[in-house]
Asks: 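Have a look at the structure that comes next, please.
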Amino acid sequence: QRYQAETEERISDQVEAWVDSLPEDVLASLRSCVDGLGGRTRELVDGFYFEGQSLQRLADALKLSAGAAKVALHRARSALGKCLDRKRPT
């Protein structure tokens with residue numbers, strides 16, 4: 001569990017640095033896509049990536065198992081990727 005928490009923290013730090021480096025228009029598109037996610041899914045993404053909460057803490061707060069939270073976060077990343085692809089100028 002300690003290793004998992006440290007790994008989640010490192011990933012969260014890396015994502016935060018990456019998000020901070022995004023151009024303003026891309027960041028606005030990302031925020032729009034996140035806002036379009038459903039309730040629990042949006043809470044997971046906001047909590048994990050924007051607030052730096054651990055996956056276990058979020059799972060507990062949302063009354064999900066850790067496995068279900070991981071799957072939901074994976075699906076959310078996939079949905080966000082598709083959303084950003086649709087918003088990308090061609």
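Any value given below was found using the heavy atoms of this structure, including those in side chains, with hydrogens, waters and symmetry copies removed.
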Asks: Side-chain heavy atoms nearer than 4.5 Å, only ILVMFWY residues, links allowed to pass through others: does that put Phe50 and Leu55 together?
Replies: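 Yes; tracing contacts between hydrophobic side chains, which count when under 4.5 Å, links both residues.
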Asks: Tyr49 vs Leu73, test: side chain to side chain contact (heavy atoms under 4.5 Å, CB included). Steps then yes/no.
Replies: CA-CA 10 Å; Tyr49 291 113; Leu73 204 52; 3.9 Å; yes
Asks: Could you walk me through whether Arg86 and Lys82 pass the side chain to side chain contact (heavy atoms under 4.5 Å, CB included) test, one step at a time?
Replies: CA-CA 6 Å; Arg86 287 191 304 272; Lys82 290 175 184 174; 3.9 Å; yes
Asks: Locate the shortest heavy-atom distance separating Ser65 from Ala59; write the atom from each residue and the value.
Replies: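 Nearest pair, atom of Ser65 first, then Ala59: O-CB, 3.9 Å.
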Asks: Within this structure, what is the CG-CZ distance for the pair Leu44 and Arg75, rounded to the nearest 0.5 Å?
Replies: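 If I round to the nearest 0.5 Å, the distance is 12.0 Å.
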Asks: Decide whether Leu80 and Leu27 are clustered together by the hydrophobic rule: side chain heavy atoms of Ile, Leu, Val, Met, Phe, Trp, Tyr closer than 4.5 Å, transitively.
Replies: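 In one cluster: yes.
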Asks: Report all side-chain donor-acceptor pairs from residues 31-43 shorter than 3.5 Å, counting only partners two or more places apart or in another chain.
Replies:
from: Arg31; atom 1: NE; to: Asp35; atom 2: OD1; distance (Å): 3.4
from: Arg31; atom 1: NH1; to: Asp46; atom 2: OD1; distance (Å): 3.4
from: Arg31; atom 1: NH2; to: Asp35; atom 2: OD1; distance (Å): 3.4
from: Arg31; atom 1: NH2; to: Asp46; atom 2: OD1; distance (Å): 2.7
from: Ser32; atom 1: OG; to: Lys87; atom 2: NZ; distance (Å): 3.3
from: Arg40; atom 1: NH2; to: Leu62; atom 2: O; distance (Å): 3.3
from: Arg42; atom 1: NH1; to: Asp35; atom 2: O; distance (Å): 3.4
from: Arg42; atom 1: NH1; to: Leu37; atom 2: O; distance (Å): 3.1

Asks: Okay, side chain of Ser78, backbone of His74: is any donor-acceptor separation there less than 3.5 Å?
Replies: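 No: the side chain of Ser78 does not pair with the backbone of His74.
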